[in-house]
Peer 1: 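Sharing a structure with you now.
What you are looking at is a predicted structure, and each value in this text was computed from that prediction instead of being measured.
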Amino acid sequence: MHIWKHFSTITRHRHQVIAHCWKAGIFFQGLFHDLSKYSPTEFIPGIKNYTVGMSPNEKERKLYGYSRAWLHHQGRNKHHFEYWVDYNTELNRKEPVEMPTKYFIEMFCDRVAASKIYYGKDYTEEKPYEYFDKERSRNWIHAETSRKLEELLIMLRDKGEDETFRYIKNVVRVEGKKDKAHWK
């Protein structure tokens, strides 16, 4: 079991997300990021399935066909697009709904931080976009959320972190706050 290694990885990731949330203008929200990872339901599988450079959830999926820790995590953390699936009464089926802006911003911060932690010294500002692009066909995400995320990841890739976080703080966050129903 890798208690210290897993604890260190999730804590470094969380601190990186907090730093990104500060840059994005949602610092207080960042303070509560991923606290469920310290719960027994997520932490114990994390230490059992710890592997350098890979999410323990991936190893748990390979072992059991699903990740109980991930199902717990996505169901309690609104910064994951998987959380935003609801029943559409007109179509009589579940489908993705657009993420509220403040959780969308946290999702972006989370993705960049995860890339930094998992890629380590091999991280470049292209990595978050490359991961998104590689996984997009497998993800069940609202089209508008996906479009906005791709736009920010391309901005990060092409214009860098400082300009992207400035844009998020001064444009995305401000526009999102104007739509009070969508900011909640």
Peer 1: Start with the C-alpha distance between E151 and K148, add both sets of side-chain angles, then the distance that settles salt bridge (charged side-chain N to carboxylate O under 4.0 Å, His left out), and finish with yes or no.
Peer 2: CA-CA 5 Å; E151 179 182 299; K148 289 176 181 178; over 6 Å; no
Peer 1: Kindly assign one of parallel, tilted or perpendicular to the pair F28 and F32, based on the angle between their ring planes and the thresholds 30° and 60°.
Peer 2: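 The rings of F28 and F32 stand perpendicular, inter-plane angle above 60°.
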Peer 1: Ring-plane angle category for Y50 and H2, please: parallel below 30°, perpendicular beyond 60°, tilted otherwise.
Peer 2: tilted
Peer 1: Are there over 12 heavy-atom neighbours, none belonging to Y123, within less than 6.0 Å of that residue's OH?
Peer 2: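 Yes, enclosed.
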Peer 1: Do V52 and I117 sit in one hydrophobic cluster, given that two such residues count as connected whenever their side-chain heavy atoms are within less than 4.5 Å of each other, even indirectly?
Peer 2: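 Different clusters.
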Peer 1: Does L71 share a hydrophobic cluster with Y64, counting links as ILVMFWY side-chain heavy atoms below 4.5 Å and allowing steps through other members?
Peer 2: yes
Peer 1: Quick check: is M99 connected to M155 through a chain of hydrophobic side chains (ILVMFWY, heavy atoms under 4.5 Å apart)?
Peer 2: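 In one cluster: yes.
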Peer 1: Is it true that E95 and N88 share a donor-acceptor pair across their side chains at a distance under 3.5 Å?
Peer 2: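 E95 and N88 do have a side-chain donor-acceptor pair below 3.5 Å.
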Peer 1: Between K23 and E161, is a side chain to side chain contact (heavy atoms under 4.5 Å, CB included) present by the stated rule, with each step listed?
Peer 2: CA-CA 10 Å; K23 289 180 176 183; E161 193 171 292; 2.5 Å; yes
Peer 1: Take a 6.0 Å sphere around CZ of F43 and say whether it holds more than 12 heavy atoms from other residues, nucleotides or ligands.
Peer 2: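 Counting other residues, nucleotides and ligands, CZ of F43 exceeds 12 neighbours.
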Peer 1: Could you measure the distance from the CZ atom of R111 to the CG atom of L153? Nearest 0.5 Å is fine.
Peer 2: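 Answer rounded to 0.5 Å: 7.0 Å.
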Peer 1: Tell me if the OH atom of Y66 is crowded by more than 12 foreign heavy atoms within 6.0 Å.
Peer 2: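 Not buried by this count: 12 neighbours or fewer within 6.0 Å.
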Peer 1: Do T9 and Y118 meet the criterion of a side-chain donor-acceptor pair at a distance under 3.5 Å?
Peer 2: no
Peer 1: Is it true that, when you exclude K48 itself, more than 12 heavy atoms of the residues, nucleotides or ligands shown sit nearer than 6.0 Å to its NZ?
Peer 2: no
Peer 1: How about F81 and W84: are their ring centres within less than 6.0 Å of each other?
Peer 2: no
Peer 1: Quick check: do E150 and R136 have side-chain heavy atoms less than 4.5 Å from each other?
Peer 2: yes
Peer 1: Evaluate whether atom CZ of R138 has more than 12 neighbouring non-hydrogen atoms of other residues, nucleotides or ligands under 6.0 angstrom away.
Peer 2: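 12 or below, so no.
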Peer 1: Please assess I47 against F7 for the test side chain to side chain contact (heavy atoms under 4.5 Å, CB included), listing each intermediate value before the final yes or no.
Peer 2: CA-CA 8 Å; I47 60 176; F7 177 81; over 6 Å; no
Peer 1: Search all heavy atoms of Q16 against all heavy atoms of A113 and return the closest pair with its distance.
Peer 2: CG-CB, 3.5 Å
Peer 1: For the atom pair OG1 (T41) and CH2 (W70), what is the distance rounded to the nearest 0.5 Å?
Peer 2: 15.0 Å
Peer 1: Side chains of E106 and I26, heavy atoms from C-beta outward: is any pair under 4.5 Å?
Peer 2: yes
Peer 1: Taking all atoms of both residues into account, what is the closest heavy-atom pair of K78 and Y103, and its distance?
Peer 2: O-CB, 3.2 Å
Peer 1: Considering only NZ, NE, NH1 and NH2 on the basic side and carboxylate oxygens on the acidic side, decide whether K159 and E125 come within less than 4.0 Å.
Peer 2: no
Peer 1: State, with a plain yes or no, whether a side-chain heavy atom of V17 is found less than 4.5 Å away from one of R14.
Peer 2: no
Peer 1: Would K94 and Y87 count as a cation-pi pair here, with the cationic atom under 6.0 angstrom from the ring centre and within 45° of the axis?
Peer 2: no
Peer 1: May I ask you to decide whether E175 forms a salt bridge with K178, counting only side-chain N to carboxylate O separations under 4.0 Å?
Peer 2: yes
Peer 1: I'd like to know if I168 and I154 are part of one continuous hydrophobic network [Ile/Leu/Val/Met/Phe/Trp/Tyr, side-chain heavy atoms within less than 4.5 Å].
Peer 2: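 Yes, because I154 and I168 connect within a single hydrophobic cluster, where side-chain heavy atoms sit under 4.5 Å apart.
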Peer 1: Cluster question for you: counting only ILVMFWY and a side-chain heavy-atom cut-off of under 4.5 Å, with indirect links fine, are Y131 and W140 together?
Peer 2: no
Peer 1: Is there a donor-acceptor pair closer than 3.5 Å between any side-chain N or O of N49 and the backbone N or O of P45?
Peer 2: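 Yes, N49 side chain to P45 backbone: donor-acceptor pair under 3.5 Å.
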Peer 1: Supply the atom-to-atom distance I105 CD1 to L149 CG, rounded to the nearest 0.5 angstrom.
Peer 2: 12.0 Å
Peer 1: So how far is it from Y129 OH to D158 CG, rounded to the nearest 0.5 Å?
Peer 2: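 That separation rounds to 9.5 Å.
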Peer 1: H80 side chain to E82 main-chain N or O, any donor-acceptor pair under 3.5 Å?
Peer 2: no
Peer 1: I'd like to know if the side chain of T164 reaches the main chain of L156, judged simply by a donor and an acceptor atom lying under 3.5 Å from each other, with no hydrogens or angles considered.
Peer 2: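 Flag set: sc T164 to bb L156 pair under 3.5 Å.
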Peer 1: Check whether the side chains of Q29 and H33 place a donor and an acceptor atom closer than 3.5 Å, and report yes or no.
Peer 2: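 Side-chain D/A pair, Q29 to H33: absent.
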Peer 1: With the threshold set at 4.0 Å, does a side-chain nitrogen-carboxylate oxygen contact exist between R166 and E163?
Peer 2: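 Looking at E163 together with R166, the answer is no, because their closest N to O distance does not fall below 4.0 Å.
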Peer 1: CD of E98 to CD1 of I141: how many Å apart, nearest 0.5 Å?
Peer 2: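 If we round to the nearest 0.5 Å, E98:CD and I141:CD1 are 10.0 Å apart.
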Peer 1: Do E144 and R147 sit within salt-bridge range, that is, some charged N less than 4.0 Å from a carboxylate O?
Peer 2: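 Yes, this pair counts.
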Peer 1: Do you know the tightest heavy-atom contact between C109 and A24?
Peer 2: SG-CB, 4.0 Å
Peer 1: Please determine whether side chain to side chain contact (heavy atoms under 4.5 Å, CB included) holds for the pair T101 and V172, giving the CA-CA distance in whole Å, both sets of side-chain angles, and the decisive distance to 0.1 Å.
Peer 2: CA-CA 8 Å; T101 304; V172 176; 4.0 Å; yes
Peer 1: State the OG-CD distance between S67 and Q74, to the nearest 0.5 angstrom.
Peer 2: 9.0 Å
Peer 1: Side chains of H13 and D110: any donor to acceptor distance under 3.5 Å?
Peer 2: yes
Peer 1: Contact between M107 and T145 at the side-chain level, heavy atoms closer than 4.5 Å - yes or no?
Peer 2: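 M107 vs T145: side chains touch.
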Peer 1: Looking only at side chains, do R68 and H72 share a donor and an acceptor under 3.5 Å apart?
Peer 2: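 No pair is found: no donor N or O on one side chain lies under 3.5 Å from an acceptor on the other.
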Peer 1: Could you check, using the six-membered ring where one of them is a Trp, whether F108 and F132 have ring centers closer than 6.0 angstrom?
Peer 2: no
Peer 1: Side chain to side chain donor-acceptor pair (under 3.5 Å) with S36: which residues, sequence neighbours excluded?
Peer 2: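 By the side chain to side chain donor-acceptor pair (under 3.5 Å) rule, S36 matches E42, H73, N77.
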Peer 1: Does the side chain to side chain contact (heavy atoms under 4.5 Å, CB included) test come out yes or no for L31 and I18, once each step is laid out?
Peer 2: CA-CA 6 Å; L31 291 176; I18 292 168; 4.3 Å; yes
Peer 1: Tell me if a side-chain donor or acceptor on S8 pairs with a main-chain N or O of W4 at a distance below 3.5 Å.
Peer 2: no
